[in-house]
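Below you'll find the structure, written out as structure tokens, and then a few comments.
Values in this document were obtained by computation on a predicted structure and should not be read as measured data.
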Amino acid sequence: MQRLSEQILAHAGGLPEGTPVSAKSLLHLGNRAAVDQALSRLAERGELIRAGRGVYLRPVTSRFGTRSPSVEQAVEALASQRGEVIVSSGAAAANTLGLTTQVPVRSVYLTSGRTRKMNLGKQVVELRHAPRWQLALANRPAGEAVRALAWLGPEKAEGALLALKRKLPQTTFNELVAAAPQLPTWLARSVGKAAHG
């Protein structure tokens with residue numbers, strides 16, 4: 001019979017890159033204490049990466065060596081596994097939309113879950129709890145605009161909205177306008193001004 005750690009590695013090996021493995025998903029292989037201990041040992045040996053409390057990832061091996069899975073894949077997989085909404089931060093959204101030339105140095109994502117850090121090898125990904133209105137349109141372009149505007153703040157929002165009105169497709173801008181009732185007063189007012197002159 002295979003040892004528990006070998007069974008865990010075989011299970012993790014069959015998953016797509018970046019898919020997190022947790023003790024709860026491995027209870028079919030053994031009892032909770034044994035699974036926890038085996039996961040811990042595998043992480044100590046470098047065969048799994050401990051991404052956070054109870055979350056492990058399989059390192060990706062290529063002809064160039066071993067590396068951590070991509071941040072985007074790991075975050076996406078964590079969101080689906082935990083049933084959370086996880087989206088890029090306002091700074092990253094503002095950069096993507098061309099509202100700022102600043103490139104975020106740290107990997108920060110907004111989440112509907114609790115605030116925590118996830119370690120992917122040497123890279124630390126920060127997951128920050130965000131209010132529901134910032135996560136409302138999730139990964140849609142209009143949602144990216146909402147997060148960018150929230151990051152820019154009340155002082156810069158109106159100017160940024162005029163730029164977005166020119167840049168974004170009309171359907172996306174209309175989606176942003178339709179979401180105005182969910183937004184804080186200062187942002188809803190700015191969206192209304194940009195939409196209706």
Given 3.5 Å as the limit, does a donor-acceptor pair link the side chain of [X] with the main chain of [Y], or not?
X: Lys165; Y: Ala194; answer: yes
X: Ser5; Y: Ala38; answer: no
X: Thr115; Y: His129; answer: yes
X: Arg147; Y: Ser88; answer: yes

What distance do [X] atom [atom1] and [Y] atom [atom2] have between them, rounded to the nearest 0.5 Å?
X: Gln134; Y: Leu183; atom1: CD; atom2: CG; value: 9.5 Å
X: Arg50; Y: Asn119; atom1: CZ; atom2: CG; value: 8.0 Å
X: Asp36; Y: Arg41; atom1: CG; atom2: CZ; value: 11.5 Å
X: Ser190; Y: Leu161; atom1: OG; atom2: CG; value: 6.0 Å
X: Leu48; Y: Ile8; atom1: CG; atom2: CD1; value: 7.5 Å

If you look at every heavy atom in [X] and [Y], which pair is closest and at what distance?
X: Ala157; Y: Leu149; value: O-CD2, 3.8 Å
X: Ala130; Y: Leu110; value: CB-CB, 3.7 Å
X: Thr111; Y: Ile86; value: OG1-CG1, 3.7 Å
X: Leu168; Y: Leu97; value: CD2-CD2, 4.1 Å
X: Arg58; Y: Leu15; value: NH2-O, 3.1 Å
X: Leu27; Y: Arg32; value: CD2-CA, 3.7 Å

Hydrophobic cluster membership, with links at side-chain heavy-atom distances under 4.5 Å among I/L/V/M/F/W/Y: are [X] and [Y] in one?
X: Leu42; Y: Leu26; result: yes
X: Leu137; Y: Leu135; result: no
X: Leu29; Y: Leu9; result: yes
X: Trp186; Y: Val146; result: yes
X: Trp133; Y: Trp151; result: yes

Would Leu78 and Glu84 count as a side-chain contact (heavy atoms from CB on, under 4.5 Å) if you check the C-alpha gap in whole Å, the side-chain angles of each, and the deciding distance to 0.1 Å?
-> CA-CA 8 Å; Leu78 183 69; Glu84 293 177 28; 5.7 Å; no

Considering residues, nucleotides and ligands other than [X], do more than 12 of their heavy atoms fall under 6.0 Å from its [atom1]?
X: Arg132; atom1: CZ; value: no
X: Arg116; atom1: CZ; value: yes
X: Lys156; atom1: NZ; value: no
X: Glu47; atom1: CD; value: yes

Working for side-chain contact (heavy atoms from CB on, under 4.5 Å), residues Lys117 and Val125 | CA-CA 6 Å; Lys117 288 185 175 14; Val125 178; over 6 Å; no

Do Ser107 and Gln123 have side-chain N/O donor and acceptor atoms under 3.5 Å apart?
->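 Side-chain D/A pair, Ser107 to Gln123: present.
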
